[in-house]
*Asks:* 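Below you'll find the structure I mean.
Chain naming here is simple, since letters A, B, ... match the order of the sequence lines and numbering starts at 1 in each. This is a predicted model, so every value here is computed, not measured.
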2 protein chains.
Amino acid sequence: MNLPAKRPGQKERRREREARILKAAEKVFAEAGFGGATMQLIADMAGLPKANLHYYFPTKEALYRQVVQNIFQIWLRAADVFDSADGPAEAIAAYIDAKMEISRHHPAGSKVWASEVMHGAPVIQDYLETTLTEWTEGRAQVIERWIEEGRMNRVDPRHLLYMLWATTQHYADFNHQIETLNGGKPLSDSQWDDAKASVKQIILAGIGISDAGKGG
Amino acid sequence: MNLPAKRPGQKERRREREARILKAAEKVFAEAGFGGATMQLIADMAGLPKANLHYYFPTKEALYRQVVQNIFQIWLRAADVFDSADGPAEAIAAYIDAKMEISRHHPAGSKVWASEVMHGAPVIQDYLETTLTEWTEGRAQVIERWIEEGRMNRVDPRHLLYMLWATTQHYADFNHQIETLNGGKPLSDSQWDDAKASVKQIILAGIGISDAGKGG
DNA sequence: CCCATTTCTGACCATATAGTCAAATTCACG
DNA sequence: CGTGAATTTGACTATATGGTCAGAAATGGG
């Protein structure tokens, strides 16, 4: 059965199991939605008996909640890059790059997030009202300052942020459609570079930042 | 089986019932997803007994399929405005306006569409491969021509289209998030005007079209 | 009014699924 | 080892849900 080559500790083992379940759950929730997902499917994908899931996560909703919260953390971490640059060009370019990377390597998470919000955010409404609202207001003020300083065109900061979210997340949430329009094949490395460059080109030009010949 | 010029009253009634069911179904599918939606809920919202739904639509999937196809038709009709203008500025502005209007007045449809695509388009995969692919390629060529003629910046037409879709549909699919960030209130008339103007401003500037006449 | 056709509906069934539980197994540690 | 705690799991239950159906009710032409 289990090879005695490596003996993980109890806590280690527990964390590994939970991570395994969460990974499977994220995929199934993304593919089938909360209502369409079944604990049995998640269990199969995680390679565990269903009853075992209920040992780690008492209910389907608790499992789902954990998945959504994890995604929110990733989202927040990516948002940090917005602050690590000191000008609009670098900040927004870095933010686009970060979010496009998430869309590429974490599409299931983005889909679960989209689904949650589309259904009225029953689980993370409080996050929207607190953390997300604060982050958005803070960033809107930063953008407003850049505008005052004449470092970018006057645009509504909110709608600029919405456009950034919409565009970058589209590559995850609608990856199936994009793949179909790409002849049924996933975007290649260079196509992803094109995507990132295109998004940055249009948005940066759109807010009046002359992109002096940058690459991906 | 042959119905020689049946009574119009009866047909009318049938159409009214079907429309009523489809409207309720669209809302429930949008709010709960396919898996989370129940025929009972749809029936209640339509004000009809559940068994009556199955008289008009044999299965839940058939009902869902009809809802998705209707949305696709609306989508296609809006896409027409792309061709009724003769230059990139007018065409893209009109397209943005049309799609924003749909997002505003038909958010449930947009959500069902998004959900369908996110889950791998099990129902409308053939539409993606035929109609949508053809439309996209045609429009990409039109954009390419505009670029050749020097009427707009050189951008990847595909990614421009994706950005248009993503941004406009975001106002429908994520309307709950936007509402939350707007202090819990839906966007007012003037806020919708701002949204449309902002999207047009950034994208048109982003592709190198100096927007002389602003306003919504 | 009569009859054929269409429409409606309550009651019912088969199935799927979230969640439970107690017994079995494994683990940590002295 | 021995022991108690943590974990695993097959079998089970309760319930929700999609779909069926037979018969009632309405509809409309002759």
*Asks:* Just how far, in rounded Å, is P of D:dG18 from CZ of B:F57?
*Replies:*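 Computing the B:F57:CZ to D:dG18:P distance gives 15 Å.
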*Asks:* In whole angstroms, how far is the P atom of D:dG18 from the OH atom of B:Y64?
*Replies:*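 After rounding, the reported distance stands at 15 Å.
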*Asks:* Checking contacts here: which listed nucleotide (C:dC8, D:dT8, C:dG19) is nearest the side-chain heavy atoms of A:K50?
*Replies:*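 Closest of the options to the side chain of A:K50: C:dG19.
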*Asks:* Please confirm whether the backbone N or O of A:V123 pairs with a side-chain atom of A:E116, one donor and one acceptor, at under 3.5 Å?
*Replies:*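 Yes; at least one donor-acceptor contact below 3.5 Å.
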*Asks:* Side chain of A:M39, heavy atoms from C-beta onward: which of C:dC8, C:dA18, D:dG18 has the nearest atom to it?
*Replies:*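 The nucleotide sitting nearest to the side chain is C:dA18.
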*Asks:* Applying a 4.0 Å non-hydrogen cut-off, can you work out what B:A62 is touching in the nucleic acid: base, sugar-phosphate, or nothing?
*Replies:*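 Answer is nothing: B:A62 stays at 4.0 Å or more from every strand.
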*Asks:* Figure out the CG/P separation between B:L53 and C:dG10, and round it to whole Å.
*Replies:*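 Spelled out: CG on B:L53 to P on C:dG10 is 13 Å.
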*Asks:* OP1 or OP2 of C:dT7 sitting under 4.0 Å from any side-chain N/O of B:Y55?
*Replies:*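 Affirmative; the distance criterion is met.
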*Asks:* For the side chain of A:A51, starting at C-beta, report the closest nucleotide among D:dC21, D:dT8, C:dT20.
*Replies:*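 In terms of side-chain proximity for A:A51, the closest of D:dC21, D:dT8, C:dT20 is C:dT20.
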*Asks:* Look at the side chain of A:R14 and decide which nucleotide, out of C:dG19, D:dT20, D:dT7, has an atom nearest to it.
*Replies:*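 The nucleotide sitting nearest to the side chain is D:dT7.
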*Asks:* Below 3.5 Å, does any donor atom in the side chain of A:K60 face an acceptor in the base of C:dG19, or the other way round?
*Replies:*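 For A:K60, whose side chain was compared with the base of C:dG19, there is no donor-acceptor pair (under 3.5 Å).
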*Asks:* Rounding to a whole Å, what distance do you find between A:R15:CZ and D:dA6:P?
*Replies:*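 Rounding to the nearest Å, CZ of A:R15 and P of D:dA6 are 17 Å apart.
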*Asks:* Of all the choices, D:dT8, D:dG10, C:dT7, which nucleotide is nearest to the side chain of A:R17 once you look at every atom?
*Replies:*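 Among D:dT8, D:dG10, C:dT7, the one nearest the side chain of A:R17 is D:dT8.
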*Asks:* Could you give the NE2-to-P distance, from A:H54 to D:dC12, as a whole number of Å?
*Replies:*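 So the NE2-P distance, A:H54 to D:dC12, works out to 18 Å.
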*Asks:* Rounded to the nearest Å, what distance is computed from the CG atom of residue A:N52 to the P atom of nucleotide D:dG10?
*Replies:*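 Atom CG in A:N52 sits about 10 Å away from atom P in D:dG10.
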*Asks:* Determine whether the aromatic ring centres of residues A:W113 and A:W165 are separated by less than 6.0 angstrom.
*Replies:*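 No, they do not, as the ring centres are separated by 6.0 Å or more.
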*Asks:* Who are the ring-ring contact (aromatic ring centres under 6.0 Å, His included) partners of A:Y127, not counting sequence neighbours?
*Replies:*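 With sequence neighbours excluded, A:Y127 shows a ring-ring contact (aromatic ring centres under 6.0 Å, His included) to A:F72, given in chain and number order.
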*Asks:* Check every strand shown and say whether A:A37 touches a base, only sugar-phosphate, or nothing at a heavy-atom separation below 4.0 Å.
*Replies:*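 The residue A:A37 makes sugar-phosphate contact but no base contact.
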*Asks:* Is it the case that the side chains of B:H170 and A:Q169 hold a donor-acceptor pair, with the cut-off being a distance below 3.5 Å and no angle test?
*Replies:*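 Absent: no donor and acceptor within the cut-off.
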*Asks:* Are OP1 or OP2 of D:dT8 and a side-chain N or O of A:Y56 less than 4.0 angstrom apart?
*Replies:*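 Answer is yes, contact under 4.0 Å.
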*Asks:* Whole angstrom is fine here: how far is it from CG in B:L63 over to P in D:dT17?
*Replies:*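 Checked: the CG to P distance equals 16 Å.
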*Asks:* What nucleotide among C:dC8, D:dT8, D:dT20 has an atom nearest to a side-chain atom of B:R13?
*Replies:*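 Selected nucleotide: C:dC8.
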*Asks:* Output the single nucleotide from C:dG10, D:dG19, D:dT8 whose closest atom is nearest the side chain of B:T59.
*Replies:*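 It is D:dG19.
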*Asks:* Select one nucleotide: of D:dT8, D:dT17, C:dT9, the one nearest the side-chain heavy atoms of B:P49.
*Replies:*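 That would be C:dT9.
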*Asks:* Rounded to the nearest 0.5 Å, what's the gap from NZ on A:K23 to CG on A:N70? Could you check?
*Replies:*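 Interatomic distance, A:K23 NZ to A:N70 CG, rounded to 0.5 Å: 13.5 Å.
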*Asks:* How many whole angstroms separate atom CD of B:E18 from atom P of C:dT6?
*Replies:*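 In whole Å, C:dT6 P lies 15 Å from B:E18 CD.
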*Asks:* Kindly check if the number of other-residue, nucleotide or ligand heavy atoms within 6.0 Å of CD (B:E90) is above 12?
*Replies:*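 Result for CD/B:E90: enclosed.
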